[in-house]
Amino acid sequence: MKRLRFYLALWAAKLSIIALKITRHNGTNFPGIVALKICPDFLWQVKKPARVIGITGTNGKTTVCNLAIDMFKADGIAVLNNSLGSNIHTGLATSFVLGTGIFGGLKYDTAVLEMDERSAPLTFPAIKPDWLLINNLTRDSIMRNGHPEYIARILTEEMPSATKLLLNGDDLIASSIAPDNERKYFGIKSLDTDVTDCINLVNDLRICPRCSSLLKYTQRRYHHIGKAYCPTCGFKSPQCDYEGQNADLEQMTIEIAERDGSVFCYRLLNDSVFNIYNVVAIVALFRELCYSRERIAELLQKIEIVKSRFDVKELGDFRIIKQMSKDRNSLGTSRAFDYVSGRPGDKELILMMNNLSDSRHWSENVCWLYDADFEFLNRENIKNIVVTGPRAKDYYLRLKMAGIDDSRISFAEHELDAPGKLKLAGKTDIYILYGTDSITLCNQVAARIENEIRERGERA
Amino acid sequence: MKRIEVLFPDFCNIYGEAYNIEYLRRCAPEQLEIIRTDNHTEPAFVHSDVDMIYLGATTERKQEQIINILRPYKERIRELIEGDVIFLVTGNALEIFGCYIRDGEREIEALGLFDFYAERYMDRDRHNSQMIGTYNGLAMLGHKSQFSFAYGDFDDCFIEVQKGIGMNPKTMREGIHVHNFFATYSLGPFLILNPYFTKELLARLGLEERLCFEKEAIEAYEYRLAELKRTMK
């Protein structure tokens with residue numbers, strides 16, 4: 001009876017995929033919802049690949065997951081994945097519906113699954129990754145995730161005991177998860193941009209989790225990411241098994257040292273610190289999967305960071321850059337601000353990280369704006385910041401609080417009017433910072449910027 | 001010079017809280033001294049006069065640590081409240097001043113300065129809501145995001161909620177207001193979200209009612225208020 005229900009769920013979910021295609025609906029979660037509705041233990045019953053790799057964490061898990069999938073693809077291995085769906089249990093169920101034949105046979109030997117950290121109680125009992133990579137645990141949307149301490153507790157409580165962990169050793173919250181599980185650490189030895197004092201508003205690990213003394217950071221990338229120790233009880237960052245060093249941002253390479261003392265050079269895919277970590281994480285993962293260093297280096301030459309997160313288009317003197325900056329996520333936003341403001345050359349920004357779904361039924365919680373480092377935008381080469389969308393007035397106030405003068409802030413109530421507020425004076429990079437539910441709107445804004453550039457060019 | 005003591009800023013910085021006192025400071029930079037007290041230092045209010053005390057939202061574990069730190073000073077805190085010292089307490093920090101916090105089978109004794117208790121629901125989805133209410137004729141806005149609710153009569157509530165919920169889903173009474181003690185479950189930069197209340201707070205501190213970026217703060221507030229009135233059921 002149990003098995004019959006599973007097959008009914010599988011077939012109904014597969015039919016729903018056909019129905020969605022015919023009716024031209026997206027509904028990437030829907031087949032999974034159908035499957036779980038008919039068979040609540042669908043994820044338990046469905047066959048799992050021989051090798052399941054999970055990727056979780058607060059920021060960058062989609063990028064790391066996509067990189068891992070692309071690495072396998074470049075190696076000629078198709079993997080079950082949820083890159084087109086969501087990372088919660090319904091999205092994972094959809095992936096398994098797609099990856100399973102009508103008689104329940106599995107089409108893949110390997111799965112690479114992005115797993116939402118908050119959904120661990122719903123996913124981990126059914127899907128037990130052989131490897132779980134946690135790239136960081138930081139402050140996220142308070143509405144959903146509360147705080148990192150809470151998420152760390154959930155992950156520790158729910159972690160399958162046989163899962164081997166691959167943890168960011170430079171994140172003392174992530175690296176402390178599930179202490180009884182077998183683990184390896186990755187990290188970065190040092191970067192030219194390292195500091196010791198926190199220059200960010202958010203620092204989720206100021207206090208030793210063991211004895212509540214003030215932690216001392218010997219190196220800090222940003223927020224609580226870096227190397228730290230407790231002068232009172234000796235709690236400290238772990239020694240990394242894979243450690244990036246000598247990052248060369250001109251040649252776009254990084255050396256990664258391993259525990260045995262060997263050092264190998266790999267290609268960097270992007271020069272942001274976030275993405276340097278992502279490459280180190282990918283190298284660590286594939287080394288643990290027994291890939292040779294040379295093969296990993298070869299595969300890294302063949303892959304790129306997915307364009308939906310960072311996309312550049314050149315148009316005469318201008319470059320239009322779409323930069324995803326997760327709404328309601330102060331740390332992700334701070335990283336995006338830091339990266340953008342650190343780029344050379346003059347810039348104009350359109351801030352539209354509004355959570356559009358929130359603004360339909362109430363007013364988006366704006367607390368995160370006061371955790372995000374808008375102060376990074378107070379730099380000479382940022383000539384104009386256009387604030388727009390439902391939170392435009394909140395951005396305006398926040399930018400003023402960050403010390404930015406009125407002359408460098410423009411206001412457009414509606415996103416599609418924002419391009420008209422650009423100054424477009426000479427060679428400029430135009431960044432559109434957009435949130436997770438405004439990808440379509442961002443593309444529309446980008447198209448309008450192109451028109452604006454052309455029209456102004458013709459008038460001149 | 002007015003003295004504001006920020007209690008345990010390393011603990012209580014969960015969601016933009018730091019900007020509450022930073023905003024006040026910027027409203028009257030020459031007239032405010034900010035004392036930031038960490039978890040290993042005796043609070044300044046114990047042996048000296050302060051004009052205002054701020055305690056912000058924190059994690060559940062740290063909330064329990066704060067109760068233990070403040071317990072020896074319970075009577076001093078009562079004396080300060082009765083002596084009209086201003087308190088601003090945001091988010092789950094208000095639970096510290098109730099009788100106890102229940103967390104499953106555990107009962108965590110709190111300071112017992114006000115007659116209510118709180119209950120945590122860590123195994124449920126976090127409660128998130130917005131709120132429009134009134135205090136002293138002012139329209140008040142608040143963001144709530146919490147694992148717990150408080151239960152009691154709340155005759156001395158801070159805000160009468162019109163849309164949203166109060167201390168728990170069954171009451172429209174929100175927060176505590178006794179003498180100059182103001183506590184609310186609303187978290188984050190409450191003073192930036194409520195510029196008119198901030199003006200009142202400045203007046204209670206004996207300072208000029210002039211806000212930093214007053215025009216922008218009030219415009220943003222008016223926009224959010226209109227948006228919430230329009231969208232919230």
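Per chain, numbering begins at 1; letters A, B, ... match sequence-line order.
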Requested in this report: Go through the atoms of A:I142 and report whether side chain, backbone, both or neither lie under 4.5 Å from a heavy atom of chain B.
Outcome: both
**Report entry** Structural part of B:N39 lying under 4.5 Å from a heavy atom of chain A
**Finding:** side chain
Report task. Please check if the side chain of A:N354 supplies one atom and the backbone of A:R391 the other of a donor-acceptor pair under 3.5 Å. Result -> yes
Query - Non-neighbouring partners of B:E119 that pass salt bridge (Lys or Arg N to Asp or Glu O under 4.0 Å), sequence neighbours left out - result: B:R102
Query raised in the report: Can you name the closest pair of heavy atoms from A:D171 and A:L137 and give their distance?
Result: OD2-N, 2.7 Å
Query raised in the report: Side chain, backbone, both or neither: which part of B:F11 has a non-hydrogen atom closer than 4.5 Å to chain A?
Result: side chain
Report task. Sort B:R61 into side chain, backbone, both or neither according to what part of it lies under 4.5 angstrom from a heavy atom of chain A. Result -> both
Report summary line: Bottom line for A:Y395: the part with an atom under 4.5 Å from chain B's heavy atoms is neither
Query raised in the report: Does A:I88 offer a backbone N or O that forms a donor-acceptor pair with the side chain of A:S119 under 3.5 Å?
Result: no
Query raised in the report: With a 4.5 angstrom heavy-atom cut-off, which part of B:Y223 approaches chain A: side chain, backbone, both or neither?
Result: side chain
**Report entry** Portion of A:S213 that has a non-hydrogen atom of chain B nearer than 4.5 angstrom
**Finding:** both
Query raised in the report: Considering only heavy atoms, which portion of A:E157 lies under 4.5 Å from any heavy atom of chain B: side chain, backbone, both, or neither?
Result: neither
Query raised in the report: If you take all heavy atoms of A:E117 and A:D140, which pair is closest and at what distance?
Result: OE2-OD2, 3.8 Å
Query raised in the report: For B:E22, is it the side chain, the backbone, both, or neither that has a heavy atom closer than 4.5 Å to a heavy atom of chain A?
Result: neither
Query - Under 4.5 Å from a heavy atom of chain A, the part of B:F147 involved - result: side chain
Query raised in the report: B:D38, B:I192, B:L141: which one forms the most heavy-atom pairs within less than 4.5 Å of chain A?
Result: B:I192
Requested in this report: Select one option (side chain, backbone, both, neither) describing which atoms of B:L225 are under 4.5 Å from chain A's heavy atoms.
Outcome: neither
Query raised in the report: Is the ring centre of A:Y370 less than 6.0 Å from the ring centre of B:Y19?
Result: yes
Query - Closest non-hydrogen atom pair between A:Y434 and A:S438, with its separation - result: CB-OG, 3.8 Å
Query raised in the report: chain A heavy atoms under 4.5 Å from B:P195: which part of the residue, side chain, backbone, both or neither?
Result: neither
**Report entry** Options B:K163, B:M122, B:M232, B:E222, ranked by heavy-atom pairs under 4.5 Å with chain A, top entry
**Finding:** B:M122
Report summary line: Note: vs chain B, highest number of non-hydrogen pairs under 4.5 angstrom among A:E149, A:R144, A:K393 is A:E149
Query - Near-ring test B:F197/B:F158, centroid separation under 6.0 angstrom - result: yes
Requested in this report: Could you tell me which portion of A:V202 (side chain, backbone, both or neither) has an atom closer than 4.5 angstrom to a non-hydrogen atom of chain B?
Outcome: neither
Query raised in the report: Just checking heavy atoms, which of residues 125-133 of chain B are less than 4.5 Å from chain A?
Result: B:D125, B:R126, B:N128, B:S129, B:Q130
Report task. Could you tell me which portion of B:A217 (side chain, backbone, both or neither) has an atom closer than 4.5 angstrom to a non-hydrogen atom of chain A? Result -> both
Query raised in the report: Who wins among A:R153, A:K400, A:R118 for the most heavy-atom pairs under 4.5 Å with chain B?
Result: A:K400
**Report entry** Side-chain (B:R120) to main-chain (B:D103) donor-acceptor, under 3.5 angstrom
**Finding:** no
